[in-house]
J.: 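This is the structure, below, for whatever I ask next.
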Protein chains: 2
Amino acid sequence: MTFHINRRKFLKSSLLAVPAISVSSTGEALARYEQEVIGVSKWELETPALCVDLDALDFNLKEIHQRLKKTGIAVRPHAKTHKCPAIAHMQMKAGAIGICTAKLSESEVMLENGLSQVLMTSVNISPSKIKKAMMLSKRFPGFIQAADHSENVKDLQDAAQALGIIADVAVDIDVIRRSGVLPGKPALALAQMVDAAPNLRFKGILAYDGAVQHVHGYDARKARAIRSFEPVVETFEMMKASGLNMEIFSGGGTGTYDMMHEFPGFTDVQAGSYLFMDCQYIDIGGKENDMVFDDFKSSLTVLTTIVNANHAGRLVTDGGAKAMTLNRPTGRVIGESGFTYNASSDEYGSISFEESAKSYRVGDILEVIVPHCDPVINLYDHMYGIRNEKVEMILPILARGKSQ
Amino acid sequence: MTFHINRRKFLKSSLLAVPAISVSSTGEALARYEQEVIGVSKWELETPALCVDLDALDFNLKEIHQRLKKTGIAVRPHAKTHKCPAIAHMQMKAGAIGICTAKLSESEVMLENGLSQVLMTSVNISPSKIKKAMMLSKRFPGFIQAADHSENVKDLQDAAQALGIIADVAVDIDVIRRSGVLPGKPALALAQMVDAAPNLRFKGILAYDGAVQHVHGYDARKARAIRSFEPVVETFEMMKASGLNMEIFSGGGTGTYDMMHEFPGFTDVQAGSYLFMDCQYIDIGGKENDMVFDDFKSSLTVLTTIVNANHAGRLVTDGGAKAMTLNRPTGRVIGESGFTYNASSDEYGSISFEESAKSYRVGDILEVIVPHCDPVINLYDHMYGIRNEKVEMILPILARGKSQ
């Protein structure tokens, strides 16, 4: 923190203050802010500040392709994790075959911002969303929609016909009793229904096993992944045998990205968190290191300022639930192994500790690895892209809050 | 849901779809959207949709003043709850003496949007925030800053002097080992330091007992409030005896709003949640009804669509942690007493139940009382103001994400 040196001088000067506190995520205000903040030390940013280390990000962007090269498995990263078109473009440049999205409004932001290959992994149900989705299909032929229900397929067909298009559809298979059609015959019948619909084009299947991603230990995770994916693989084989177009068999995540090639016909992994490696993923262990999942590097942190240090063994910060979420494990303070970060207050974080590596005072800034990347990113208008501790770029989170 | 009747017709028509999915929170896009959505049935909104019932809101806006009339206690509502200048203006019109804010960027949004009386209840620590806060004080003389540390008072004095202003400062007193200076002599010394600073004006004290607000049962809550506020009251008396200006003695929340008049010198309550009455507050019980805290009406809900109903005793919705947060108790589905709403997935909600009052199918919309209003509101760009089940207004949450 170089600021401390000139702190008094700065405060006593009549200099205009540094950039505005409240910055819009788009438009002129952001462009002005960008001009002012590029090159600034990350330790001088207003906190809480969401930062991504660009060296670590660059490493992760390449590493997943490097590690999957021999498997023949492609990467279709899930953009629900970052909600940031600029990062999605980095993923495409690194070799992704397209991106995934979770919501229609999120898909719209990605398509409107130049991402041409978008697989939306959830279904659209309301008539107006179905219609809007079909309008996106018309404007952006690389948009693929999920379906998991016969009523839904009828709706999609009607809407596609009304717009005079042939829309791409993938069938979502139920793995964890959340989304999807039941595997086996129900899935086959639904796929055949899509295939037979004159205005829909059946592209294949997707299946996401959300429950296996955070199982601790590579072997335990793999055993469970194989068990729970077995009905999906059988379904794939049935569909293939019936002559359906199976060009997409998509699924998996950061926790299983290096296992999915074991499944015949599987085409691409929907990993998202590999870019950031939050506390939830660090702990699960990898193939080479069973204690720490270190295939990728932790890149995403929140900078937070100590605002109170009146009590022994306790530090209060400006990063509470609105900056960190309530996810567990809670944030990890870089450089301190004995800190417990409690973000259960909306506006304040509270750290408790018995021993610390350094002594701290009010005004010191802590860097915290985020608990779970997706919902934390969804709290911020932009990330600061950091290299060598300086701001190199602003990454607007344009799909932030797009949960519809 | 009138939509079901014309569903097929709508889908088969080549009509343009209803408004854009992704709407900016400000500017022309919002104005266009507003034109299109006013008068629409709430059951036709894209989900997840954050709705506030305007009849209930109007009731709550007035009721707190009605109930406090005889006590002489004023209301200075905490805007961190709603982050919405339009609602803050409603509060002022209903009789509030000003509003509170938690963060500098939030204060800026409120001041810039015509709220002239703003008490920021947290401290600003970084030199740049202090400077920006002082610039706000210069532009908006009704802005009052909190201080809780002697170094901070020196910084505030330097920055105020540099700008040639006399800035209003209130001293925050520590109640729950979170923010604030220790009560008693340390607080007195700090208040005297502010009072003696040539460019600062001491306005009084604030103290927030965040731990007592959700204690179940009125009597238990009151007993604890009195115990934990005792040192604050002593501090107030010491300051008053020393001749300090004690025009502000602010604190309390929705859980204690009707107890604070018991404390001598207390001036105003910082209630926020009374407007919305989330699940966390409903459960604590009130003075008249020990089971349900029903002084105010529940007004804030999220509309969410059932997207999957394949499994008995289970409904999956499009409202997960990004729409509801992980707060507990979890959301309550209106009309169903036996539903457990699990929002632990980022994108999906899962309801489990043994019995239901109605039968449900994919596409049905559920209305859910939010777990905890503040962080849920912070996930959305706007609330829909609903009256008689129709959209009457859009309420942009302009300070959403302003955590700095």
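These values consider heavy atoms only, across backbone and side chains, with no hydrogens, waters or symmetry-generated copies. Order of the sequence lines fixes the chain letters, A, B, ..., with proteins taken first and strands second; residue numbering starts at 1 for each chain.
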J.: For the candidates B:Ala160, B:Pro48, B:Gly401, which exhibits the highest count of non-hydrogen atom pairs separated by less than 4.5 Å from chain A?
T.: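 The candidate making the most pairs under 4.5 Å is B:Pro48.
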J.: Run the numbers on B:Glu108 and B:Lys132 for salt bridge (Lys or Arg N to Asp or Glu O under 4.0 Å), then give the verdict.
T.: CA-CA 9 Å; B:Glu108 186 186 39; B:Lys132 287 170 194 170; over 6 Å; no
J.: I'd like to verify something: which residue of A:Gly319, A:Ala323, A:Ser179 has the highest number of heavy-atom pairs under 4.5 Å with chain B?
T.: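 The answer is A:Ser179.
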J.: Check whether B:Ala102 gets within reach of chain A through its side chain, its backbone, both or neither, counting any heavy atom under 4.5 Å.
T.: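 For B:Ala102, side-chain heavy atoms alone lie under 4.5 Å from chain A.
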J.: Taking B:Gln404 for the side chain and A:Glu46 for the main chain, is one N or O donor matched with an acceptor at less than 3.5 Å?
T.: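 Checking the backbone N and O of A:Glu46 against the side chain of B:Gln404, no donor-acceptor pair under 3.5 Å is found.
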J.: Quick one: pull up CD in B:Gln161 and CG in B:Asn199 and give me the separation to the nearest 0.5 Å.
T.: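 That separation rounds to 5.0 Å.
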J.: So which part of A:Ile176 gets closer than 4.5 Å to some heavy atom of chain B, the side chain, the backbone, both or neither?
T.: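 Backbone of A:Ile176 only, per the 4.5 Å heavy-atom cut-off to chain B.
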J.: Would you mind checking if B:Asp381 and A:Arg400 are paired as a salt bridge, meaning a charged N to carboxylate O distance below 4.0 Å?
T.: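 Yes.
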J.: Looking at chain B, which one of A:Val123, A:Leu379, A:Thr47 has the largest number of heavy-atom pairs inside 4.5 Å, strictly under?
T.: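 Most heavy-atom pairs under 4.5 Å with chain B: A:Thr47.
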J.: What part of A:Glu347 gets within 4.5 angstrom of chain B, counting heavy atoms only: side chain, backbone, both, or neither?
T.: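 Interface part for A:Glu347: both.
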J.: Relative to chain A, which of B:Asp155, B:Asn124, B:Asp374 shows the most heavy atom pairs under 4.5 Å?
T.: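 Ranked by heavy-atom pairs under 4.5 Å with chain A, first place is B:Asp155.
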J.: Using a 3.5 Å distance criterion without hydrogens, assess whether the side chain of A:Asn113 forms a donor-acceptor pair with backbone atoms of A:Val109.
T.: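 Yes, because the side chain of A:Asn113 sits within donor-acceptor range (under 3.5 Å) of the backbone of A:Val109.
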J.: Let me know if B:Leu303 has heavy atoms under 4.5 Å from chain A in its side chain, its backbone, both or neither.
T.: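 Neither; nothing under 4.5 Å.
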J.: Evaluate A:Lys402 against A:Lys103 for side-chain contact (heavy atoms from CB on, under 4.5 Å), listing each step before the verdict.
T.: CA-CA 7 Å; A:Lys402 303 300 181 201; A:Lys103 300 292 176 117; 5.9 Å; no
J.: Could you check whether A:Glu106 pairs with A:Lys83 (Lys NZ or Arg NE/NH1/NH2 to Asp/Glu carboxylate O, under 4.0 Å)?
T.: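 Yes, this pair counts.
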J.: Can any side-chain N or O of A:Asp158 pair as donor or acceptor with the backbone N or O of B:Lys12 at less than 3.5 Å?
T.: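 Looks like no, no N/O pair under 3.5 Å.
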J.: CZ of A:Arg178 to CG of B:Asn310: how many Å apart, nearest 0.5 Å?
T.: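 Between atom CZ of A:Arg178 and atom CG of B:Asn310 there are 14.0 Å.
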J.: Counting the benzene-type ring for Trp, do A:His382 and A:Tyr384 have ring centres under 6.0 Å apart?
T.: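 Yes, close enough.
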J.: Please classify the contact of B:Thr121 with chain A as side chain, backbone, both or neither, using a heavy-atom distance under 4.5 Å.
T.: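 The backbone, not the side chain.
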J.: Could you look at B:Asp346 and say if it's the side chain, the backbone, both or neither that has a heavy atom under 4.5 Å from chain A?
T.: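 When you check distances to chain A, only side chain atoms of B:Asp346 fall under 4.5 Å.
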J.: Identify which part of A:Asn327 has an atom lying under 4.5 Å from any heavy atom of chain B, answering side chain, backbone, both or neither.
T.: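 Both parts, backbone and side chain.
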J.: Tell me, side chain or backbone of B:Ser344 under 4.5 Å from chain A's heavy atoms, or both, or neither?
T.: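 No part of it gets close to chain A.
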J.: What residue in A:Asp318, A:Leu156, A:Thr325 has the most heavy-atom pairs under 4.5 Å with chain B?
T.: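 Ranked by contacts with chain B, first place is A:Asp318.
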J.: Heavy-atom distance under 4.5 Å to chain B: side chain of A:Arg314, backbone, both or neither?
T.: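 For A:Arg314, the contact with chain B is made by the side chain alone.
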J.: Side chain from CB out, backbone as N, CA, C, O: work out which of these in B:Thr305 comes under 4.5 Å of a heavy atom of chain A, or both, or neither.
T.: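 Just its side chain gets close to chain A.
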